[in-house]
Amino acid sequence: MSVLIGNVLAFAAACFTFLSAWSRDRKRIYLYQAAQCAVMAAANVFFASLSGVTTFALCALRNLLIAYERFTPRLCAVFVAAVAGLGLYANNRGAVGLLPIVTTAVYTVGCLYAKRTRAIKWNLIVNLLLWAVYDAFVLDFVSCAVDAVSAIAALVSLRRDKQTAADGH
């Protein structure tokens, strides 16, 4: 039953994941991600993944800071350390529980340097694909599918944006 509830919450978060992947506006990308992470923190309670809960909660806060341009190199270091420390402490899934930690640390550092929409999207694509692997391991089938489809949507969005720029629009 708990896996079913987790998947229902993951479906709600999926809407925000897709919106983030499709969006052209930097602030909206990160606000959608903040909402998605908050809902996924709740979903991970039902997937019995404490490292997922802590990681998603930290990600929601990080994404809000980025959206409002308050994310500094010092905060980046604090978030990476917090994700690593809290994630390792809360890890109850062995090697699988390390995936959210590594994925989030890589994405967090990428967020510090990715300022233009193209770079943000590439960082998002890598993040989504790594989360899809984790989702499969914890049986979060909704998120696995959504993360994979959203990675594809981000790729299509990149191509759309490139075509729009080439057409002079």
Side-chain angles (χ1 to χ4, degrees), residues 3-47 49 52-71 75-76 79 83 99-167 169:
V3 170
L4 178 62
I5 295 168
N7 276 281
V8 169
L9 288 171
F11 180 76
C15 298
F16 295 112
T17 303
F18 183 81
L19 288 170
S20 174
W22 195 249
S23 181
R24 292 181 174 180
D25 178 71
R26 181 181 191 277
K27 185 175 182 178
R28 283 187 186 168
I29 289 170
Y30 288 115
L31 288 175
Y32 289 140
Q33 286 182 20
Q36 180 261 344
C37 288
V39 175
M40 284 306 299
N44 270 264
V45 169
F46 296 97
F47 294 129
S49 176
V53 172
T54 58
T55 300
F56 276 118
L58 286 169
C59 289
L61 179 57
R62 178 206 59 214
N63 290 334
L64 285 172
L65 289 168
I66 295 168
Y68 291 102
E69 299 187 28
R70 302 277 190 249
F71 196 64
L75 280 175
C76 180
F79 272 87
V83 164
L99 278 169
I101 299 165
V102 171
T103 299
T104 302
V106 168
Y107 185 71
T108 299
V109 172
C111 288
L112 181 64
Y113 295 104
K115 301 298 181 194
R116 294 186 352 204
T117 303
R118 263 186 98 65
I120 293 168
K121 293 260 178 123
W122 279 113
N123 193 35
L124 179 60
I125 291 164
V126 170
N127 184 58
L128 287 167
L129 292 175
L130 290 172
W131 274 110
V133 171
Y134 168 75
D135 298 334
F137 278 117
V138 299
L139 306 178
D140 180 357
F141 303 119
V142 171
S143 292
C144 184
V146 168
D147 288 344
V149 169
S150 294
I152 293 167
L155 281 168
V156 171
S157 176
L158 278 172
R159 183 172 170 89
R160 173 197 67 191
D161 295 347
K162 185 176 180 181
Q163 185 63 41
T164 301
D167 291 342
H169 295 113

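In what follows, every heavy atom counts, from backbone to side chain, and hydrogens, waters and symmetry copies are set aside. What you are looking at is a predicted structure, and each value in this text was computed from that prediction instead of being measured.
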N/O donor to acceptor pairs below 3.5 angstrom from side-chain atoms of residues 118-125, sequence neighbours left out:
unit_1 : atom_1 : unit_2 : atom_2 : d
K121   : NZ     : A21    : O      : 3.2
K121   : NZ     : S23    : O      : 2.9
K121   : NZ     : S157   : OG     : 2.4
N123   : ND2    : Y107   : O      : 3.2

Taking all non-hydrogen atoms of both residues into account, name the closest pair between [X] and [Y] and its distance.
| X | Y | result |
| --- | --- | --- |
| Q36 | A13 | CG-O, 3.5 Å |
| A60 | C37 | N-CB, 3.6 Å |
| A151 | L128 | N-CD1, 3.6 Å |
| D25 | R28 | OD2-N, 2.9 Å |
| A57 | A41 | N-CB, 4.0 Å |

### Worked verdict on T17 versus Y32 for side-chain contact (heavy atoms from CB on, under 4.5 Å)
CA-CA 7 Å; T17 303; Y32 289 140; over 6 Å; no

[X] vs [Y] side-chain heavy atoms within contact, under 4.5 Å:
| X | Y | result |
| --- | --- | --- |
| Y30 | C111 | yes |
| R116 | R26 | no |
| M40 | D140 | yes |
| D135 | D147 | yes |

### Task
State which residues pass ring-ring contact (aromatic ring centres under 6.0 Å, His included) with F56; sequence neighbours excluded, sorted by chain then number.
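Result, ring-ring contact (aromatic ring centres under 6.0 Å, His included) vs F56: W131.
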
### Query
Going by the side-chain hydrogen bond (donor to acceptor under 3.5 Å, both in side chains) test, which pairs reach into residues 52-66, not counting sequence neighbours?
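Passing the test, one end in residues 52-66: R62-T108.
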
### Query
Backbone N or O of F47 within a donor-acceptor pair of the N44 side chain at under 3.5 Å?
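Judged by distance alone, no pair lies under 3.5 Å.
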
### Message
Checking the side chain of T103 only, and the main-chain atoms of N127 only, is there a donor and an acceptor separated by less than 3.5 Å?
### Response
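No, the answer is negative, given that no donor and acceptor are paired below the 3.5 Å cut-off.
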
### Query
What is the distance from atom CG of N7 to atom CZ of F11, rounded to the nearest 0.5 Å?
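So the CG of N7 and the CZ of F11 are separated by 11.0 Å.
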
### Task
Starting at CD1 of I29, measure out to OG1 of T117 and round the result to the nearest 0.5 Å.
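I29 atom CD1 to T117 atom OG1 measures 5.0 Å (nearest 0.5 Å).
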
Please enumerate all residues that pass side-chain contact (heavy atoms from CB on, under 4.5 Å) together with [X], with sequence neighbours excluded.
| X | result |
| --- | --- |
| V109 | C76, V80, Y113 |
| A42 | L9 |
| L139 | F141 |

### Message
Determine whether W22 and V156 satisfy the following criterion, side-chain contact (heavy atoms from CB on, under 4.5 Å), listing intermediate values before the conclusion.
### Response
CA-CA 8 Å; W22 195 249; V156 171; 3.9 Å; yes

### Task
Apply side-chain contact (heavy atoms from CB on, under 4.5 Å) to the pair I66 and K27, showing each step before the final yes or no.
CA-CA 8 Å; I66 295 168; K27 185 175 182 178; over 6 Å; no

### Query
Are there more than 12 heavy atoms of other residues, nucleotides or ligands under 6.0 Å from atom CZ of F79?
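Yes, CZ of F79 has more than 12 neighbouring heavy atoms, counting only those of other groups under 6.0 Å.
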
### Message
Quick one, I5 with V45, criterion side-chain contact (heavy atoms from CB on, under 4.5 Å). Give me CA distance, side-chain angles, the key distance, then yes/no.
### Response
CA-CA 10 Å; I5 295 168; V45 169; over 6 Å; no

